[in-house]
Amino acid sequence: MTTSTVTGPDTPPADLPPALPEPAREELRLEAVLGALSDPLRLTIVRKLLREREAYDHTCGWFELDRPKSSLTHHFKALREAGVLRQRQYGLERRSRVRTEDLDARFPGLLDLVATWEPASSPK
């Protein structure tokens with residue numbers, strides 16, 4: 001039997017480092033997810049990941065956000081701890097992606113709303 005390796009935006013590469021601690025799918029809580037998404041910058045981060053995901057994981061620099069690294073670290077951690085993002089450590093950098101399958105299973109339609117959301121203005 002031959003196995004083929006098909007990769008696309010939702011197919012993880014075979015050599016991924018382990019994910020950082022995150023809640024299991026069954027532990028995802030709507031109030032925690034909505035709380036994390038209530039910040040306009042975090043909502044913008046998730047929207048960008050959903051709309052422009054051409055690679056598997058993205059670094060903080062990919063987002064081109066004009067914020068101090070400490071501020072971005074806080075926002076990405078809040079999204080990960082709420083279960084919105086999965087983060088992996090690649091050497092000195094962390095890369096992120098939306099937990100699409102888990103969130104769609106627990107809260108159908110939520111990510112569609114986030115992807116189509118239009119910000120009133122760019123977060124500062």
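Taking CG of L111 as the start and OG1 of T116 as the end, the distance is 10.5 Å to the nearest 0.5 Å. Rounding to the nearest 0.5 Å gives a distance of 12.5 Å between CZ of R97 and CD of Q87. Rounded to the nearest 0.5 angstrom, K48 NZ and L43 CG are separated by 14.0 Å. Distance check, rounded to the nearest 0.5 Å: CG of D39 to CD1 of I45 gives 8.0 Å. A distance of 12.0 Å separates CG in L85 from CZ in R94, rounded to the nearest 0.5 Å.
Nearest heavy atom pair, residue P18 against residue R88, reads C-NH1, 3.6 Å. Annotation for P23 and R99: closest pair O-NH1, 2.8 Å, computed over non-hydrogen atoms. Residues R80 and P21 come closest through the heavy atom pair NH1-O, 2.7 Å. Contact between G35 and S38 at its shortest, heavy atoms only, is O-OG, 2.7 Å. The nearest pair of heavy atoms linking A36 to V84 is CB-CG2, 4.5 Å. Scanning all heavy atoms of the two residues, the minimum distance from W117 to P40 falls at CH2-O, 4.2 Å.
With sequence neighbours excluded, the residues that form a side-chain contact (heavy atoms from CB on, under 4.5 Å) with R25 are E101, D102, A105, R106. For R47, the salt bridge (Lys or Arg N to Asp or Glu O under 4.0 Å) partners at least two apart in sequence or on another chain are E118. D112 pairs by the side-chain contact (heavy atoms from CB on, under 4.5 Å) definition with nothing, not counting sequence neighbours. Under the side-chain contact (heavy atoms from CB on, under 4.5 Å) criterion, L110 pairs with V33, L34, L37, F107, sequence neighbours left out. Residues forming a side-chain hydrogen bond (donor to acceptor under 3.5 Å, both in side chains) with E31 (at least two apart in sequence, or on another chain): R29. Among residues two or more places apart in sequence or in another chain, the side-chain contact (heavy atoms from CB on, under 4.5 Å) test is passed with E81 by K77.
Hydrophobic clustering, with ILVMFWY side chains joined whenever heavy atoms are under 4.5 angstrom apart, keeps L30 apart from L113. Under the 4.5 Å side-chain heavy-atom criterion for Ile, Leu, Val, Met, Phe, Trp and Tyr, L28 and L20 are members of distinct hydrophobic clusters.
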After noting the C-alpha distance and the side-chain angles of R42 and H74, does the key distance pass the side-chain contact (heavy atoms from CB on, under 4.5 Å) rule?
CA-CA 10 Å; R42 292 195 288 258; H74 163 75; 3.8 Å; yes
